[in-house]
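Single-structure report; data block below.
The analysis underlying the following values was restricted to heavy atoms, covering all of them including side chains, and did not include hydrogens, waters or symmetry mates. Chain letters run A, B, ... following the sequence lines, proteins first, then strands; residues in each count from 1.
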Amino acid sequence: DQQVKQNSPSLSVQEGRISILNCDYTNSMFDYFLWYKKYPAEGPTFLISISSIKDKNEDGRFTVFLNKSAKHLSLHIVPSQPGDSAVYFCAASVMYSGGGADGLTFGKGTHLIIQP
Amino acid sequence: DTAVSQTPKYLVTQMGNDKSIKCEQNLGHDTMYWYKQDSKKFLKIMFSYNNKELIINETVPNRFSPKSPDKAHLNLHINSLELGDSAVYFCASSRDLRRVQETQYFGPGTRLLVL
């Protein structure tokens, strides 16, 4: 049962352009969302997060947008740089479940390739 | 200085064997986790462990047992390995189990292949 879906396994974007990675979720209890970035042979590293009381969070070149009614979030990277080439995982959690014991629920990831 | 480290990085073993994966974090975090990334690339929580309290994901077979000698270590023991256990296992840690906003820091992963 896929509660977090990233329907694009890969995405190719030209350097300098905007990269938009999409994520959909089905569990309406989720109220905290994160993006992780993963290079080959390394563990995921935290990138940016957003709680459900917001619809946008920005950190430098990275912006996450949340559309609660559509159960959809997206990560915008602008401008895209070669070092952004990696797998991006969307993750979700329930903030007030009494703890993080349930861990994070991850999507399958989208492989972003930045073309020079 | 690696924040979350795992050993070994690669593990190839025969079906039926018992093996362990070690995890150490030097971040002073209270909470540690084990995740499994299967062949379909899903990263799924297996266990979380906080101040000697173990919280088990009930879908995990009891052949898997985490052991925490101290707050900085959470090892994963797997008995009677099966072919389906082949996956990448990630250890992670965070400051506080009760706050999901706390960033989880992941180790580099252990690639387990069961033959």
Side-chain angles (χ1 to χ4, degrees), chain A residues 1-10 23 25-27 29-54 57 59 62 64 86-111, chain B residues 2-6 8-10 21 23-25 27 29-51 53-60 66 74 88-111:
Chain A
D1 179 27
Q2 252 182 285
Q3 297 187 69
V4 177
K5 299 178 188 181
Q6 292 177 257
N7 291 322
S8 299
S10 67
C23 177
Y25 61 96
T26 56
N27 187 342
M29 297 293 290
F30 287 144
D31 56 6
Y32 193 70
F33 305 90
L34 310 92
W35 285 94
Y36 275 78
K37 176 179 177 179
K38 184 183 179 304
Y39 292 117
E42 293 184 13
T45 55
F46 172 75
L47 200 55
I48 193 168
S49 63
I50 188 167
S51 76
S52 58
I53 61 172
K54 294 185 174 182
N57 189 24
D59 183 1
F62 303 91
V64 56
V87 176
Y88 289 79
F89 289 98
C90 173
S93 187
V94 180
M95 202 185 312
Y96 300 109
S97 66
D102 292 336
L104 300 172
T105 302
F106 283 86
K108 285 172 73 169
T110 296
H111 186 193
Chain B
T2 308
V4 182
S5 60
Q6 296 178 229
K9 265 196 125 170
Y10 300 94
I21 306 172
C23 178
E24 177 182 0
Q25 53 95 3
L27 297 165
H29 286 168
D30 286 334
T31 304
M32 295 183 74
Y33 310 83
W34 277 106
Y35 284 85
K36 177 181 178 181
Q37 186 179 29
D38 60 23
S39 57
K40 294 180 181 176
K41 303 299 182 189
F42 282 110
L43 255 171
K44 291 183 184 173
I45 184 77
M46 298 176 72
F47 305 100
S48 55
Y49 203 96
N50 185 70
N51 285 331
E53 184 187 0
L54 173 66
I55 297 138
I56 299 171
N57 182 311
E58 58 190 40
T59 65
V60 176
L74 183 64
V88 183
Y89 292 85
F90 289 98
C91 176
S93 74
S94 68
R95 245 188 343 188
D96 188 345
L97 178 71
R98 293 162 299 177
R99 286 172 48 82
V100 296
Q101 303 95 311
E102 295 288 346
T103 300
Q104 291 188 22
Y105 293 83
F106 283 78
T110 295
R111 284 138 192 87

Main-chain N/O of B:Q104 paired with A:Y36 side-chain donor or acceptor, under 3.5 Å: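 Pair found, side chain donor or acceptor close to backbone of B:Q104.
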
Separation of A:F106 CZ from B:Y35 OH (nearest 0.5 Å):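 Output value for this atom pair is 5.0 Å.
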
Inter-residue atom distance A:I48.CD1 - B:T103.OG1, 0.5 Å rounding: 11.5 Å

Contact class of B:Q37 relative to chain A, heavy atoms under 4.5 angstrom: side chain

Taking every non-hydrogen atom, the tightest pair across A:K38 and B:F90: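 Taking every non-hydrogen atom into account, CE-CZ, 3.5 Å.
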
Region of A:Y39 in contact with chain B, defined by heavy-atom distances below 4.5 Å: neither

Verdict with supporting geometry, B:F106 and A:F46, ring-ring contact (aromatic ring centres under 6.0 Å, His included): CA-CA 9 Å; B:F106 283 78; A:F46 172 75; over 10 Å; no

Qualifying residues under side chain to side chain contact (heavy atoms under 4.5 Å, CB included), relative to A:K5, sequence neighbours excluded: A:Q2, A:N7, A:T26

More than 12 heavy atoms of other groups within 6.0 Å of B:Y105 OH: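 Open: at most 12 neighbouring heavy atoms sit under 6.0 Å from OH of B:Y105.
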
